[in-house]
2 protein chains.
Amino acid sequence: MAVAEADRTNLSPAVATQLRTAQDLFIRRWGEMGQTWGINRTMAEIHALLYVVAEPLCMDDVMERLHISRGNSSMSLRALCDWGIVRRLHKLGERREFFESLTDVWDMFSLITAERKRREMDPVLETIRECRRMLDEKTIGKQAARGREVQLTRERLAGMEEFMEVTNKIFQQFIGNARSGLTRVVRVLLKAF
Amino acid sequence: MAVAEADRTNLSPAVATQLRTAQDLFIRRWGEMGQTWGINRTMAEIHALLYVVAEPLCMDDVMERLHISRGNSSMSLRALCDWGIVRRLHKLGERREFFESLTDVWDMFSLITAERKRREMDPVLETIRECRRMLDEKTIGKQAARGREVQLTRERLAGMEEFMEVTNKIFQQFIGNARSGLTRVVRVLLKAF
DNA sequence: CTCCAGTTTCAGTAAGTACTGAAAGAATGC
DNA sequence: GCATTCTTTCAGTACTTACTGAAACTGGAG
């Protein structure tokens, strides 16, 4: 149990409380932020917990600490593992499984970015291309393609496509490069401006 | 009315249908994407509509085109204006108001980025700093601050703070620079890697 | 095989969010 | 002043998403 583990350390009760308070504050805020970015609160909280305690926890630890049900823990932990930002961990001689967060924030960011790009940006980009195809000369004829309204819409679609392609390229730089990539990016940027 | 306006143009019915189909497809996808990023679907759809038709529309146009109520239109349009990505527009001799989207995608991105940074990242960063303060030597004493668990949590919080500070700086570059800033960023990046 | 510790699944429900429609409020013109 | 046209607000409701808890499942030990 986590309790037994806590006992191993020699934190005074006052310090232990302070530690927990600080962790809880972080967890709460992280959960709130997740929500506004389209990540469900509990999932973000579990992740924050695993990240901030910096030690593998089992499902019961998570349930107890965040006051959530077994079912919820199970599903959320699975989702976090699917994202790749949490790992399952077998301790030798232990029957139950433990979970730990990735350590490196930059790696986490890379994983999340890559996944969201794939899930949410790529389909939009594809749709925009399809919309443009529906309005190009080959499809509706040269005459029609010159109509004022068609022209306007075509321009807007083109503008959006260009934008998304560029942001895609930026993401591409982050993905795979992770920490080294990002810090390099930042160095370059801060110098360039 | 928008109908009268459409009549002014000489689109064949077939082309008009095709145009509308393409626009609707874009609007739908944009709405879906918005949802997954924590923006409500209708708001994203209204924005997509105003952007893609590239002509000012009045509230009734919006209601009719997206099949939403007057109340919903009113609130969503107000929110879009608050974000600054949609503008109110008076046509001379017209009683009702029209709405148009910003034209430049890069400007839109800047506005949204700035606002989300302010609303969602800054408070988190402040919280992390507060958590760190709760666990520093001055607050809990030198001895306690060296406890294993306290150390671990402190390291994690520090890692996250560093990350958020760097991403903040990147955002900072975009905000205000908008198009020129971003394209410059991209050029630099593509050269550097 | 059965038992048991641990995990997953999922129907039902609670909580939260978005939307409508009607009523109140503004602004314009007579 | 009143009538007309357009906009906003908000209580009530529909819809969506998240969560629980119990039952089903899994795999190791006896």
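Sequence lines set the chain letters: A, B, ... in the order given, protein chains first and strands last, and positions in each chain run from 1.
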Gap between atoms CD1 and P, on B:I46 and C:dA18 respectively (whole Å): 13 Å
Distance in angstrom units between B:E45 CD and C:dA18 C1', rounded: 12 Å
Cationic tip of B:R41 above B:W30 ring, under 6.0 Å, 45° of axis: no
Salt bridge present between B:R96 and B:D60 (N-O < 4.0 angstrom): no
Rounded interatomic separation in angstrom, taking CG from B:N40 and P from D:dT17: 12 Å
Options D:dC19, C:dA18, C:dG6, nucleotide nearest the side-chain atoms of A:R41: D:dC19
More than 12 heavy atoms from other groups under 6.0 Å of CD on B:Q143: no
Heavy-atom donor-acceptor pair, A:R154 side chain to A:L135 backbone, under 3.5 Å: yes
B:K142/B:E137 under salt bridge (Lys or Arg N to Asp or Glu O under 4.0 Å): CA gap, chis, key distance, verdict: CA-CA 5 Å; B:K142 207 163 187 176; B:E137 295 186 355; 5.1 Å; no
Identify each atom pair where a protein N or O and an N or O of nucleotides 25-30 of chain C are less than 3.5 Å apart, giving names and distance.
from	atom 1	to	atom 2	distance (Å)
C:dT28	O2	B:R95	NH2	2.9

Atom-to-atom span, CE of A:M63 to C1' of C:dT7 - whole angstrom: 11 Å
Rounded distance in Å - CE (B:M59) to C1' (C:dT20): 13 Å
Row check, B:W83 ring normal vs B:R119 NZ/CZ: under 6.0 Å, within 45°: yes
Whole-Å gap separating P (D:dG21) and CG (A:D60): 14 Å
Electrostatic pair A:E161:A:R129 at N-O distance under 4.0 angstrom: yes
Length of the CD-P vector between A:E94 and D:dG28, whole Å: 15 Å
Check: B:T139 side chain, B:R133 main-chain N or O, donor-acceptor pair, under 3.5 Å: yes
Greater than 12 external heavy atoms within 6.0 Å of B:R87's CZ: no
Any residue of residues 66-88 of chain A with a heavy atom less than 4.0 Å from an atom of DNA chain D: A:H67, A:I68, A:S69, A:G71, A:N72
